[in-house]
Amino acid sequence: MTVKDLNLDILKECLYRNEPVTIDGSTMDSIDRCHEFLRGFASDRVIYGINTGFGPMAQWRVEDAFLKDLQYNIIRSHSTGAGEPLDDLCVKAAMLARVGTFLQARSGIHREVVELLVEFINRGIFPFIPRHGSVGASGDLVQLAHMALTLIGEGKVHYKGEWRPSAEVLAENGLKPISIHVREGLSTVNGTSVMTGISAVNQFLAEKLLDWSLLQAVWMNEIAASYDDWMSEPLNACRRHEGQQVTAERMRELARGSKRLVKREHVLYDKAKNQDKVFHDKVQAYYSLRCTPQILGPIYDTYMNSRAVLDEELRSACDNPIVDPDTENVYHGGNFHGDYISLEQDKVKIATVRLTMTAERQLNYLFHDRINGILPPFLNMGVLGLNYGMQACQFTATSTTAESQTLAMPNYVHSIPNNNDNQDIVSMGTNSALLCRQVIDNAFQVMSVHMIALAQATDCLGIADELAPATRAVYDKVRAICPKFVEDTPFYEELAKVEEYLREI
């Protein structure tokens with residue numbers, strides 16, 4: 001696809017459909033114009049990072065004879081990350097986010113930087129970028145330096161499933177490393193592209209989690225044979241929040257055609273049927289079933305706000321300084337600061353923990369016979385005492401949820417001054433995105449237990465044919481992966497396969 005400006009929808013197609021990227025010709029012309037302006041403007045002026053040192057070293061002027069060395073030095077000196085490498089999907093997203101910044105034509109880089117990054121993206125060449133290294137202040141300096149290192153033909157890349165020297169893979173693909181023209185070193189390491197790339201992947205997965213949570217809410221209420229007014233339009237319209245109304249509407253759509261949900265007016269509002277002094281069926285379901293629009297609604301709003309922020313970030317120049325040929329000036333500031341991303345990722349993380357907690361409580365309802373009153377303990381279809389059903393699955397779901405609750409502490413508020421106090425307040429945005437990613441992964445694990453439990457509960461009651469078409473279709477998918485079980489059997493592999501199914505985008 002030809003890209004003039006990046007957004008999440010384009011990013012999604014590139015990440016999950018492997019759509020190749022080409023850059024719009026007029027946009028490349030703008031990049032050329034910005035580069036040519038900077039070349040002339042910088043010839044007799046002091047500009048940070050072009051003829052000065054970096055960070056606290058900016059007070060030292062660099063002689064003209066060493067200006068190219070200066071750009072190489074920032075790449076090499078900052079390639080100091082540690083820990084496991086980021087997965088290919090996040091690295092690809094980070095490269096795309098970096099391209100998105102360069103498309104704004106405010107960095108002054110030579111076009112060959114964009115062209116080589118696009119070649120990496122389209123050919124599946126993924127730079128080695130370690131997990132740890134960014135404080136999210138001058139952006140992702142360390143992690144972007146690892147990306148830049150491969151663009152100058154150094155370091156290593158993940159290519160066709162193997163870690164290989166960058167120079168070797170470049171040569172094999174007929175590609176040449178970028179040259180240093182004016183400020184290619186600083187521009188390639190300066191900005192929020194790694195935290196933004198990881199956050200974009202998080203966004204797609206979080207939205208998937210929410211979709212599943214809405215379906216699970218309906219399925220849970222079908223199993224419980226709940227009254228259906230908890231998701232009714234008149235009830236939810238009284239609460240003005242968009243998220244609650246959207247989620248309730250989606251759940252009504254998912255529930256369409258169900259034979260399990262009960263109309264309150266057909267039972268409790270019918271005088272001929274409500275003569276009992278004590279009601280056998282619950283007048284109102286437990287909160288984890290009945291309050292799902294009110295619980296998932298704020299999560300929807302949080303995710304949508306994150307989506308808007310990410311779209312804006314992908315279409316922003318997060319470099320420093322900003323080169324503006326229109327006003328014929330170079331502006332020094334802090335567009336590389338990652339606060340927008342960090343704050344949103346902490347909010348997404350907290351919302352996802354809440355989503356996970358809701359799933360865990362729904363699981364407890366299914367497993368606890370004295371609470372649900374209709375299902376055997378732990379959905380055990382075997383001999384009680386001899387067989388154990390899904391008892392141990394609750395341990396996995398509960399412990400994983402507890403880990404996520406611990407990880408919910410915001411990283412955004414954990415600024416630590418560094419860099420000789422030049423970076424005296426930092427965003428920790430990449431840490432926030434990585435911790436959010438862990439919480440999202442945990443949520444999928446809990447949800448895979450939940451999906452199997454929902455299918456098992458459906459079989460315990462023999463109600464598969466009474467489910468709504470939407471929930472029945474998922475029941476069939478889950479049962480194709482994990483058939484109904486009576487005898488005790490290990491099914492950790494089935495849990496992994498269900499998780500894989502849930503994560504499909």
Side-chain angles (χ1 to χ4, degrees), residues 209-210 212-226 282 285-292 295-296 299 352-408 438-461 463 471 474-475 477-479 481-503:
L209 280 170
L210 182 59
W212 286 125
S213 295
L214 298 175
L215 183 135
Q216 288 178 339
V218 172
W219 198 350
M220 283 293 301
N221 279 280
E222 287 185 295
I223 288 168
S226 299
K282 287 189 71 65
Y286 286 98
Y287 283 13
S288 63
L289 280 68
R290 171 167 44 111
C291 298
T292 43
I295 296 168
L296 300 179
I299 296 172
T352 304
V353 173
R354 186 66 165 171
L355 180 150
T356 308
M357 292 165 59
T358 305
E360 190 276 335
R361 287 295 83 198
Q362 290 176 351
L363 268 174
N364 188 66
Y365 174 90
L366 293 175
F367 291 161
H368 202 316
D369 57 302
R370 292 190 300 278
I371 288 179
N372 62 60
I374 56 174
L375 295 164
F378 305 107
L379 307 178
N380 184 356
M381 299 181 75
V383 178
L384 298 182
L386 174 64
N387 298 114
Y388 291 89
M390 295 190 71
Q391 176 175 296
C393 287
Q394 188 168 21
F395 303 147
T396 299
T398 302
S399 65
T400 306
T401 302
E403 179 181 270
S404 291
Q405 289 172 316
T406 300
L407 294 173
Q438 182 62 56
V439 164
I440 287 170
D441 287 345
N442 287 356
F444 275 107
Q445 292 171 21
V446 174
M447 194 163 282
S448 66
V449 177
H450 195 5
M451 279 297 192
I452 293 176
L454 286 163
Q456 187 76 356
T458 298
D459 287 332
C460 286
L461 297 174
I463 59 169
T471 50
V474 176
Y475 164 85
K477 289 266 188 161
V478 172
R479 276 300 181 229
I481 298 169
C482 181
K484 178 178 74 173
F485 50 93
V486 176
E487 299 297 329
D488 291 338
T489 179
F491 50 91
Y492 59 90
E493 292 181 347
E494 286 79 2
L495 281 169
K497 290 176 182 176
V498 169
E499 181 184 348
E500 184 179 353
Y501 158 63
L502 297 177
R503 294 175 74 102

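Residue numbers run from 1 in the order of the sequence given.
- Partners of E494 by salt bridge (Lys or Arg N to Asp or Glu O under 4.0 Å), not counting sequence neighbours: none found.
- When only modelled atom types and interatomic distance are considered, R354 and Q405 share no side-chain donor-acceptor pair under 3.5 Å.
- Atom CG of L366 and atom SG of C393 lie 12.0 Å apart (nearest 0.5 Å).
- Contact of the I452 side chain with the F485 side chain is registered, since non-hydrogen atoms from C-beta on lie closer than 4.5 Å.
- For Q391, the CD atom is densely surrounded, since the number of other residues' heavy atoms within 6.0 Å is greater than 12.
- A side-chain donor from one of N364 and Q394 sits under 3.5 Å from a side-chain acceptor of the other.
- Between R479 and Q456, the closest side-chain pair of non-hydrogen atoms falls below 4.5 Å.
- Here the side chain of T398 pairs no donor or acceptor atom with the backbone of F395 at under 3.5 angstrom.
- Residues passing the side chain to side chain donor-acceptor pair (under 3.5 Å) test with T396, sequence neighbours excluded: none.
- The CG atom of L454 sits 10.0 Å away from atom CD of E222, with the distance rounded to the nearest 0.5 Å.
- The nearest pair of heavy atoms linking V446 to A397 is CG2-O, 3.7 Å.
- Taking CD of Q362 as the start and CD1 of I223 as the end, the distance is 9.5 Å to the nearest 0.5 Å.
- Take Y388 and apply the ring-ring contact (aromatic ring centres under 6.0 Å, His included) test, not counting sequence neighbours, and it matches no residue.
- To the nearest 0.5 Å, the span separating CE on M447 from CD1 on I440 amounts to 11.5 Å.
- The two residues Y287 and I295 come nearest to each other via the heavy atoms O-CD1, 4.1 Å.
- T352 pairs by the side chain to side chain donor-acceptor pair (under 3.5 Å) definition with Y303, not counting sequence neighbours.
- Partners of R361 according to the salt bridge (Lys or Arg N to Asp or Glu O under 4.0 Å) rule, which considers only residues two or more places apart in sequence or in another chain, do not exist here.
- Using a 4.5 Å heavy-atom threshold, the side chains of L215 and V474 count as touching.
- Atom CG of L375 sits about 12.5 Å away from atom NE2 of H368, to the nearest 0.5 Å.
- Relative orientation of the F378 and F367 rings is tilted, given thresholds of 30° and 60° on the angle between their planes.
- Among pairs with a residue in residues 438-448, those fulfilling side chain to side chain donor-acceptor pair (under 3.5 Å) read E403-N442, S404-N442, Q438-N442, D441-R503, at least two apart in sequence or across chains.
- The minimum heavy-atom distance linking L379 with C460 is given by the pair O-SG, 4.0 Å.
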Quiz prompt | Trace of the side chain to side chain contact (heavy atoms under 4.5 Å, CB included) decision for L495 with E499 | solution = CA-CA 6 Å; L495 281 169; E499 181 184 348; over 6 Å; no
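- Distance alone, capped at 3.5 Å, places no donor-acceptor pair between the N387 side chain and the G389 backbone.
- Atom CG of L363 sits about 7.0 Å away from atom CE of M390, to the nearest 0.5 Å.
- The shortest non-hydrogen separation linking V486 to M381 is CG1-O, 3.3 Å.
- For the residue pair S226 and L289, the shortest heavy atom distance occurs at OG-CD2, 4.2 Å.
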Quiz item: What's the verdict on side chain to side chain contact (heavy atoms under 4.5 Å, CB included) for M451 and K477, showing C-alpha distance, side-chain angles and the deciding distance?
Solution: CA-CA 10 Å; M451 279 297 192; K477 289 266 188 161; over 6 Å; no
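- Contact detail for Y365 and A224: the closest heavy-atom pair is OH-CB, 3.4 Å.
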